[in-house]
Amino acid sequence: MSDIHTVGVVGAGVMGTGLAQALAQTGHRVLLVDRTPEILAAAERTVRQGLRFAGLLGDRGPREDQRTVLGRITSSTDYEGFDDADFVIENVTEDWDLKKGVYRRLDAICPERTVFAANTSVIPITRIGAATSRPAHVLGMHFMNPVPLKPTVEVIRGHHTSAATLDAARTLLAQLGKEGILVEDSPGFVSNRVLMLTVNEAVYLVHEGVAAAEEVDRIFRTCFGHTMGPLETADLIGLDTILQSVEGLYAAFSDSKYRPCPLLVRMVDAGLLGRKSGQGFYSYATALR
Ligand code: NAD
């Protein structure tokens with residue numbers, strides 16, 4: 001496929017803002033959508049912060065003026081410009097009814113050629129494809145967080161995903177300087193089928209008083225050489241997203257091994273969502289958004 005220029009990003013939360021930054025930094029025109037102007041303004045602040053951070057790290061690629069990069073992002077609540085989108089990456093809250101509504105709307109607005117990539121944690125891509133009139137143009141692209149810094153993406157082939165669609169995803173990933181690992185469709189794919197179970201079990205250990213969060217994480221870091229422990233990872237992902245994902249796996253497999261830990265449910269009810277709210281298993285000086 002030839003170059004992909006205009007990319008719609010739906011959902012401007014943790015993943016949507018990271019994607020908007022990574023796409024704009026690599027020269028793409030980004031159409032960013034969320035529910036309210038306030039969320040979009042917060043997203044712009046997050047991207048600005050991300051660009052400053054990238055500057056400090058001496059990020060790869062040509063140095064560009066922050067204003068030039070930000071100027072490539074157009075924010076709207078009503079899908080402005082999506083009738084010209086080459087590619088759309090959907091990153092709304094992990095809730096099937098909500099996502100279904102978004103895909104129906106995208107399907108009505110976007111040209112037939114537009115590819116839809118679902119950045120979902122556990123929802124099957126085949127089900128998402130079936131909510132559109134273009135299942136061959138739908139695939140899963142499970143980006144890792146933080147998007148600008150992670151080189152690899154789990155790419156998921158839905159039942160009807162075409163070879164041309166996978167090709168378009170490869171082109172976009174190459175333009176982003178990332179690599180894809182292709183897997184077949186299954187709830188949670190490879191990464192989250194394992195990760196969500198691990199995180200949920202780690203929360204159980206804290207819930208049962210077997211170890212504090214710090215000890216659980218330290219064992220994974222120092223004994224296994226992981227960069228982060230499972231509870232630090234949970235805070236980074238967002239405990240609401242973890243809970244929705246575990247519930248999604250539980251519903252998909254009807255297997256009690258995915259039953260959500262009561263402590264996880266209580267923390268989400270209490271608004272302790274991890275980094276994005278300033279408090280999860282750990283405290284963060286300021287919420288990121
Ligand atoms: P988030 O809660 O930070 O952001 C979700 C955004 O979706 C919010 O800003 C919300 O306002 C917006 N939204 C909700 N309904 C909408 C609608 N109808 N139209 C437009 N926007 C709407 O969540 P997140 O962590 O960015 O996760 C987004 C998706 O990416 C989820 O499906 C999640 O499972 C997946 N994901 C998350 C991670 C992670 O590490 N957080 C990693 C990979 C994939």
Side-chain angles (χ1 to χ4, degrees), residues 8-22 31-47 50 75-80 82 88-109 116-125 127-128 131 139-150 152-156 178 180-181 187-196 199 228 230-249 252 268 271 273-278 280 287-289:
V9 174
V10 189
V14 173
M15 296 309 284
T17 50
L19 264 166
Q21 181 192 326
L31 311 170
L32 185 61
V33 168
D34 208 303
R35 290 173 297 140
T36 68
E38 291 72 27
I39 296 173
L40 289 164
E44 191 192 315
R45 286 195 296 277
T46 306
V47 172
S75 300
S76 80
T77 53
D78 61 356
Y79 295 81
E80 192 187 316
F82 274 59
V88 172
I89 306 173
E90 171 276 311
N91 318 263
V92 306
T93 311
E94 185 77 1
D95 174 301
W96 170 234
D97 288 332
L98 204 150
K99 283 198 192 271
K100 191 162 52 179
V102 166
Y103 280 98
R104 296 249 158 91
R105 183 132 186 225
L106 284 170
D107 206 28
I109 301 172
F116 295 165
N119 185 14
T120 167
S121 293
V122 299
I123 299 173
I125 303 309
R127 188 191 302 172
I128 293 175
L139 84 162
M141 287 176 86
H142 182 218
F143 285 85
M144 304 297 146
N145 177 17
V147 180
L149 302 179
K150 296 289 182 161
T152 313
V153 176
E154 192 177 22
V155 175
I156 303 111
K178 299 189 191 296
I181 299 177
F189 327 117
V190 170
S191 57
N192 280 338
R193 184 129 158 223
V194 176
L195 178 66
M196 294 301 162
V199 168
M228 294 173 90
L231 299 168
E232 293 165 308
T233 305
D235 272 5
L236 177 69
I237 293 172
L239 300 196
D240 49 347
T241 301
I242 298 279
L243 178 59
Q244 282 151 346
S245 302
V246 175
E247 286 173 339
L249 289 167
V268 172
L273 307 182
R275 283 183 191 231
K276 66 179 162 188
S277 73
L288 284 187
R289 309 195 53 237

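Counting starts at 1 for both ligands and their atoms, following the listed order. Residues take their numbers from the sequence shown, with the count starting at 1.
Proximity of Ile123 to ligand 1, defined as any heavy-atom pair under 4.0 Å, is not found for any part of the residue. At a heavy-atom distance under 4.0 Å, only side-chain atoms of Lys276, from C-beta outward, approach ligand 1. The proximity of Gln244 to ligand 1, defined as any non-hydrogen pair under 4.0 Å, does not occur for either the backbone or the side chain. Contacts between Asn145 and ligand 1 below 4.0 angstrom, taking non-hydrogen atoms only, involve the side chain exclusively. Of the heavy atoms in Val92, both backbone and side-chain atoms come closer than 4.0 Å to ligand 1. Only the side chain of Val102 comes within 4.0 Å of ligand 1, judged by heavy-atom distances.
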So Leu273 and Val268, side chain to side chain contact (heavy atoms under 4.5 Å, CB included) or not? Walk me through it. CA-CA 6 Å; Leu273 307 182; Val268 172; 4.3 Å; yes
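Looking at residues two or more places apart in sequence or on another chain, you find a side chain to side chain contact (heavy atoms under 4.5 Å, CB included) between Ser76 and Val33, Asp78, Glu80.
For ligand 1 and His142, the ligand atoms under 4.0 Å from any heavy atom of the residue are 43 (C), 44 (C). The distance from ligand 1 to the heavy atoms of Ile39 drops below 4.0 Å at these ligand atoms: 9 (O), 11 (O). Ligand-side atoms of ligand 1 in range of Thr93: 5 (C), 7 (O), 10 (C), 14 (C), range being under 4.0 angstrom from any heavy atom. Each of the atoms 25 (O), 33 (C), 34 (O) of ligand 1 lies under 4.0 Å from some heavy atom of Thr241. In summary, the atoms of ligand 1 found under 4.0 Å from a heavy atom of Asn119, numbered by their order in the structure, are 29 (C), 30 (O), 31 (C), 32 (O), 35 (C), 36 (N), 43 (C), 44 (C). Listed by atom number, the atoms of ligand 1 under 4.0 Å from Thr120 heavy atoms are 32 (O). Contact atoms of ligand 1 toward Leu98: 14 (C), 15 (N), 16 (C), 18 (N) (distance under 4.0 Å to a heavy atom of the residue).
Considering backbone and side-chain N/O of Phe143, none are found under 3.5 Å from N/O of ligand 1. At under 3.5 Å, a nitrogen or oxygen of Lys99, whether backbone or side chain, sits near a nitrogen or oxygen of ligand 1. In terms of polar-atom proximity, defined here as any N/O pair under 3.5 Å, Ser121 does make such a contact with ligand 1.
Here the side chain of Asn145 pairs a donor or acceptor atom with the backbone of Leu236 at under 3.5 angstrom. With hydrogens and angles disregarded, a donor-acceptor distance shorter than 3.5 Å links the side chain of Lys99 to the backbone of Val92. Side-chain atoms of Asp34 come within 3.5 Å of backbone atoms of Ala12 as a donor-acceptor pair (strictly under, hydrogens ignored).
Considering all non-hydrogen atoms of both residues, Lys178 and Val147 come closest at NZ-O, 2.6 Å. Of all heavy-atom pairs between Leu40 and Ser75, the closest is CD2-CB, 4.0 Å. Closest heavy-atom contact between Arg193 and Pro187: CD-O, 3.8 Å.
Here the side chains of Phe189 and Thr120 are in contact, with some heavy-atom distance below 4.5 Å.
Put simply, the residue from Val9, Asn119, Val102 that forms a side chain to side chain contact (heavy atoms under 4.5 Å, CB included) with Glu90 is Val102.
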